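Working notes for the structure below.
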Amino acid sequence: AKYQAADDPSTSFWTKGQRALLELHGQRYPECALLKPRTQGLTAQGNEPAWRLDLDDQHLVLVTDYGRRRLEAPAPAPEAFADGRRYRATTSEGTMVVTAQEAICVDTMSGMPYPTTVTVVLADRTLHGCGGDPAVLLQGDDWLVTELDATPLVPRSRVTLRFDAGGRVSGQASCNRYTASYTLTGEELRIGPAATTRMACPAPLLAQEARFLALLRAVHCFTIPSAGTLQLEAHPAGRIVARRL
């Protein structure tokens, strides 16, 4: 279905199954994807000793001490506070308080960044860990690349990254457009070979594009050193630095 502003034919919204296109006053935006409804569920984990928390609409389950200890309780209602929420559950070992704050957390074993910092307090014990889906830190607005291997880009050139929810990363590679698959696990980020358009450009742009695509293919993890900044670490040596547009 296509919807068009009655007084402005250059403003429209066109749905195509689970995808959509948006144009506002002649400006076309990247393809939209249908998001799943946001729930109050939470998955979190921590180390030393290893623990895992799973919270859905029905149950709260905490497994600690490398799987040797398991506590279950009915799912409590969330208590909202600035930048987070808190849950209070009654268990067989007393009151459990789970605090989930929307602040980047780095897993102490894998180094993987997560969007939520989680604390679990039970009796006289406090567990610290990370929660949420790391993919949300990559997805959203485009990333504008500012450095390749600590070297600024060619003046007036443009290199971008856009991670979508379908496992694709795409953007401008300097001269050509590109697209590639990406896979995110609990320990690493991997990006597949890129397909590109075939435009002719000046030699400096083509050289920069080749370097970017080579680094992209070698990426094995990412970090968020500060708000709005992304670092893709490539093996054996190399780094792509970008900022949110």
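Computed from a predicted model, the values in this text were never measured in an experiment.
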Counting distance only, does the side-chain N/O of Thr91 pair as donor-acceptor with the main-chain N or O of Gly94 below 3.5 Å? yes
State, to 0.1 Å, how close Met199 and Leu206 come at their nearest heavy-atom pair, and which atoms those are. O-CD2, 4.5 Å
Is any side-chain heavy atom of Leu184 closer than 4.5 Å to a side-chain heavy atom of Pro134? yes
Once you round to the nearest 0.5 Å, how far does CG of Leu215 lie from CZ of Arg239? 11.5 Å
Please identify each residue that fulfils salt bridge (charged side-chain N to carboxylate O under 4.0 Å, His left out) with Asp8, with sequence neighbours left out. none
Identify the residue among Gln208, Glu209, Arg211 that makes a side chain to side chain donor-acceptor pair (under 3.5 Å) with Ser174. Gln208
Starting from Trp143, can I reach Leu153 by hopping between I/L/V/M/F/W/Y residues whose side chains sit under 4.5 Å apart? yes
When you look at CZ of Arg158, are more than 12 heavy atoms from neighbouring residues, nucleotides or ligands closer to it than 6.0 Å? no
If hydrophobic clusters are built from ILVMFWY residues whose side chains come within less than 4.5 Å, do Leu144 and Val241 share one? no
Neighbour count above 12 (heavy atom, 6.0 Å) for Tyr3 OH: no
What is the minimum heavy-atom distance between Ala180 and Gly192, and which atoms define it? CB-O, 3.5 Å
Candidate list Arg244, Arg162, Gln172, test side chain to side chain donor-acceptor pair (under 3.5 Å), partner Asp142, passing option: Arg162
State, to 0.1 Å, how close Leu55 and Ala75 come at their nearest heavy-atom pair, and which atoms those are. CD1-CB, 3.9 Å
Step by step, work out the side chain to side chain donor-acceptor pair (under 3.5 Å) result for Thr99 and Arg86. CA-CA 4 Å; Thr99 302; Arg86 184 173 290 110; 3.3 Å; yes
Does Val145 reach the side chain of Leu161, with side-chain heavy atoms less than 4.5 Å apart? yes
Could you go step by step and tell me if Asp65 and Arg125 meet the salt bridge (charged side-chain N to carboxylate O under 4.0 Å, His left out) rule? CA-CA 12 Å; Asp65 301 330; Arg125 191 176 188 184; 2.7 Å; yes
Looking at CD of Gln45 and OG of Ser110, how far apart are the two atoms once the value is rounded to the nearest 0.5 Å? 8.0 Å
What's the spacing between Thr64 OG1 and Leu122 CG if we round to 0.5 Å? 8.5 Å
Assess whether side-chain contact (heavy atoms from CB on, under 4.5 Å) is satisfied between Glu23 and Phe13, documenting all intermediate values. CA-CA 6 Å; Glu23 183 176 353; Phe13 181 73; over 6 Å; no
Does a side-chain heavy-atom distance below 4.5 Å link Thr183 with Thr185? yes
Does Arg190 count as lying over the ring of Tyr182, i.e. NZ or CZ under 6.0 Å from the six-ring centre, within 45 degrees of the axis? no
Please examine the side chains of Arg85 and Glu102, heavy atoms only from C-beta on, and report whether any two atoms are closer than 4.5 Å. yes
Donor-acceptor contact below 3.5 Å, side chain Thr15 vs main chain Ala1: yes
Between Val98 and Thr119, is there a side-chain heavy-atom distance shorter than 4.5 Å? no
Do any N or O atoms from the side chain of Gln231 and from the backbone of Ala242 form a donor-acceptor pair under 3.5 angstrom? no
Report yes or no: do Leu205 and Phe212 belong to one cluster of Ile/Leu/Val/Met/Phe/Trp/Tyr joined by side chain heavy-atom distances under 4.5 Å? no
Polar side-chain atom of Asn47 near backbone of Ala50 as donor-acceptor pair, under 3.5 Å: no
Do Leu71 and Leu127 belong together in a cluster built from hydrophobic side chains that touch within less than 4.5 Å? yes
Taking everything shown except Arg28 itself, do over 12 heavy atoms lie less than 6.0 Å from its CZ? no
Could you report the tightest heavy-atom contact between Ala89 and Pro76, atom names first, then the distance? CB-CG, 4.1 Å
Does a side-chain heavy-atom distance below 4.5 Å link Glu233 with Thr223? yes
For atom CD of Glu187, is the number of surrounding heavy atoms from other residues, nucleotides or ligands below 6.0 Å larger than 12? no
I would like to know whether Met96 and Val121 meet side-chain contact (heavy atoms from CB on, under 4.5 Å); could you show each step before the answer? CA-CA 6 Å; Met96 181 193 307; Val121 178; over 6 Å; no
More than 12 heavy atoms of other groups within 6.0 Å of His220 NE2: yes
Residue set satisfying side-chain hydrogen bond (donor to acceptor under 3.5 Å, both in side chains) with Thr197, at least two apart, ordered chain then number -> Asn176
Contact check, side chains of Pro74 and His59, non-hydrogen atoms, under 4.5 Å: no
Within the 4.5 Å heavy-atom criterion, are Phe222 and Leu230 side-chain neighbours or not? yes
side-chain contact (heavy atoms from CB on, under 4.5 Å) between Trp51 and Val120, worked out: CA-CA 10 Å; Trp51 62 270; Val120 179; 4.0 Å; yes
Without swapping roles, check the side chain of Asp107 against the backbone of Met109 for a donor-acceptor pair under 3.5 Å. yes
For the CG atom of Leu232 and the SG atom of Cys221, what is their distance to the nearest 0.5 Å? 8.5 Å
Could you state the interatomic distance from CD1 (Ile240) to CD1 (Ile191), rounded to the nearest 0.5 Å? 7.0 Å
Rounded to the nearest 0.5 Å, how far apart are CG of Leu245 and CZ of Arg243? 6.0 Å
Heavy-atom closest pair, residues Ser181 and Val169: O-CG1, 4.5 Å
Please report the shortest heavy-atom distance between Tyr178 and Thr160, naming the atom on each side. OH-O, 2.7 Å
Arg88 and Thr95: side-chain donor and acceptor closer than 3.5 Å? no
Hydrophobic clusters here meaning ILVMFWY residues chained together by side-chain heavy-atom distances under 4.5 Å, can you tell me if Tyr114 and Leu42 are in one? no
